[in-house]
Protein chains: 2
Amino acid sequence: MNNVQEESPRDQKKNRRRFQILEIARGIIATKGLRSLKVRDVAVAAGCSVGSVYNEFGDFDGVILTVNRETVQALTVRLRGVPAEDPIRQLYGLAETYLEFFAEHANLLRSLFEHRMEDDRPYPDDILQMVMDAFALMHAPLERVLPAADDVKVALLSRTLFSAVHGIISLGLEERMVAVPPQMLRQQVEQFIDVHLAGLGIQPAR
Amino acid sequence: MNNVQEESPRDQKKNRRRFQILEIARGIIATKGLRSLKVRDVAVAAGCSVGSVYNEFGDFDGVILTVNRETVQALTVRLRGVPAEDPIRQLYGLAETYLEFFAEHANLLRSLFEHRMEDDRPYPDDILQMVMDAFALMHAPLERVLPAADDVKVALLSRTLFSAVHGIISLGLEERMVAVPPQMLRQQVEQFIDVHLAGLGIQPAR
DNA sequence: GATTCTTCTTGAACATTGTTCATTTTCAGG
DNA sequence: CCTGAAAATGAACAATGTTCAAGAAGAATC
């Protein structure tokens with residue numbers, strides 16, 4: 001007996017189009033920025049009417065939020081791929097991977113962090129939760145490195161440290177500001193972690 | 001002989017209105033967010049036509065950018081007001097003052113950091129420079145605390161440290177994310193600096 | 001004070017873009 | 001095939017940024 005619901009041809013088509021719309025929207029955001037994303041452009045590129053975009057996503061924010069959701073998912077996959085043998089290396093790896101990912105997908109990350117909802121509608125909880133979870137990925141290595149520390153404190157430390165790294169990277173990659181050369185930024189992040197780990201009483205051992 | 005150009009009645013009126021438009025725009029951004037700022041709302045509230053707003057600021061981005069410019073100016077004034085007797089206290093003071101200012105004017109700061117220009121027009125250099133200058137305000141106290149350090153490195157460190165603090169605060173105050181209680185955020189920032197100064201080999205001495 | 005010239009102001013019209021919805025098309029099930 | 005439900009359509013609408021010809025206000029000259 002097949003537990004999985006069979007996908008009718010109609011659903012196939014619908015899903016294919018949904019996917020297509022998202023790819024197009026993501027491409028526009030990534031290359032020209034969120035502010036250049038227009039319903040009509042997406043509809044034309046996807047070969048459908050604007051109505052269909054609305055059918056599928058409710059409103060235009062729905063498209064943006066879905067792209068953002070997938071961005072944080074992709075980020076999480078990348079961060080989870082950082083080797084965990086050595087907790088100290090893992091901490092550096094998480095920061096460097098975040099830097100790489102941010103550099104590769106700067107506009108997508110900006111869309112994730114900068115998009116504001118119309119009126120005062122709340123930002124979807126699941127996305128916020130996923131961001132928080134991603135920022136909690138330093139928890140495990142920090143715990144191994146600070147075995148004596150209180151768990152709640154380590155949780156807070158994880159978020160603090162990741163937020164700090166986020167600040168350094170997001171401002172460093174802000175091409176609006178006089179851009180920091182990418183290689184220099186990498187060094188900057190590494191040195192930042194050097195110092196911070198030292199402050200926590202940990203031997204960087206690089 | 002009066003070196004200063006006399007202000008004709010016409011200019012007075014013009015300046016008064018310009019100021020008024022900015023106040024109104026700032027108020028809307030501060031209370032309802034940048035996305036709720038509409039030309040017509042501003043014009044009506046200022047008792048003038050939309051055309052006058054365009055006369056004065058060129059386009060709507062001009063209004064936003066002027067508000068942003070004044071935001072970073074106000075921030076700089078506040079940061080420069082931090083006592084400089086004790087360089088270590090000054091570093092804590094800069095971070096705490098930034099936190100206070102951010103908490104008081106969250107939407108204005110978001111407008112400063114999140115606004116993107118139409119098309120690919122560049123963000124005005126003077127604003128970027130002012131932000132950089134504000135973030136360089138940790139330079140002086142760091143230099144006093146690390147007299148042996150290379151000046152270029154201290155400059156970089158200043159920007160790094162301030163960017164890190166910015167990341168912690170801007171994400172911490174992100175009410176979209178499960179908001180960190182303000183008092184806790186203050187503690188979070190202080191502890192972060194504790195650790196980082198320790199890592200730099202400095203006695204926090206609080 | 002009248003005249004002229006310059007500048008500013010106005011707001012209707014236009015352009016762009018998000019949103020809706022009555023109509024048409026599609027198609028699975030009978 | 002027929003039929004009813006679901007989806008797709010795109011013209012129309014709404015909200016909002018932008019322009020500009022015409023008029024008003026003020027300065028300059030006589």
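Naming: A, B, ... by sequence-line order, numbering from 1 per chain. Nothing here was measured: the structure is a model prediction, and the numbers come from that model.
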Original post:
Who are the side-chain contact (heavy atoms from CB on, under 4.5 Å) partners of A/S163, not counting sequence neighbours?
Top reply: A/F135, B/I168, B/L171
**OP:** Whole angstrom is fine here: how far is it from CG in B/D61 over to C1' in C/dT16?
**Re:** 15 Å
**OP:** Examine distances only and state if a side-chain atom of A/T76 and a backbone atom of A/V72 form a donor-acceptor pair shorter than 3.5 Å.
**Re:** yes
**OP:** Check DNA chain C against residues 47-59 of chain B and give the residues with a non-hydrogen atom under 4.0 Å, in numerical order.
**Re:** B/C48, B/S49, B/V50, B/G51, B/S52, B/N55
Original post:
Which parts of residues 23-44 of chain B get close to DNA chain D, meaning a heavy atom less than 4.0 angstrom away?
Top reply: B/L37, B/K38, B/V39, B/R40
**OP:** Using modelled atom types only, decide if a donor and an acceptor are shared between the side chain of B/T71 and the backbone of B/V67 within a distance under 3.5 Å.
**Re:** yes
Subject >> Between P of C/dT19 and CD1 of A/I64, the distance in whole Å >> reply: 9 Å
Original post:
Between B/E85 and B/R144, is there a side-chain N and carboxylate O pair less than 4.0 Å apart?
Top reply: no
Subject >> Under-4.0 Å side-chain N/O to phosphate OP1/OP2 contact, A/R17 with D/dA8 >> reply: yes
Original post:
Roughly, in whole Å, what's the span from CD1 in A/I21 to C1' in D/dA7?
Top reply: 13 Å
**OP:** Whole angstrom is fine here: how far is it from CG in A/L65 over to P in C/dG18?
**Re:** 14 Å
**OP:** Quick one: list whatever passes ring pair (Phe, Tyr, Trp, His ring centres under 6.0 Å) with B/H139, sequence neighbours left out.
**Re:** none
Original post:
Rounded to the nearest Å, what distance is computed from the CZ atom of residue B/F60 to the P atom of nucleotide C/dT16?
Top reply: 19 Å
Subject >> N/O donor-acceptor pair under 3.5 Å between B/S36 side chain and B/K32 backbone >> reply: yes
**OP:** Check ring pair (Phe, Tyr, Trp, His ring centres under 6.0 Å) between A/F101 and all other residues, then give those that pass, not counting sequence neighbours.
**Re:** A/H105
Original post:
Please give, in whole Å, the distance from D/dG17 C1' to B/R121 CZ?
Top reply: 12 Å
Subject >> Gap between atoms CZ and P, on B/R18 and C/dT9 respectively (whole Å) >> reply: 12 Å
Scan the side chains in residues 17-29 of chain A for donor-acceptor partners under 3.5 Å anywhere in the protein, sequence neighbours excluded, and list what turns up.
residue, atom, partner, partner atom, Å
A/R18, NH1, A/E56, OE2, 3.0
A/E23, OE2, A/R26, NH2, 2.7
A/R26, NH1, A/E70, OE1, 2.8
A/R26, NH2, A/E70, OE1, 3.0

Original post:
What heavy-atom pair brings A/D61 and A/E118 nearest, and what distance separates the two atoms?
Top reply: OD2-N, 3.6 Å
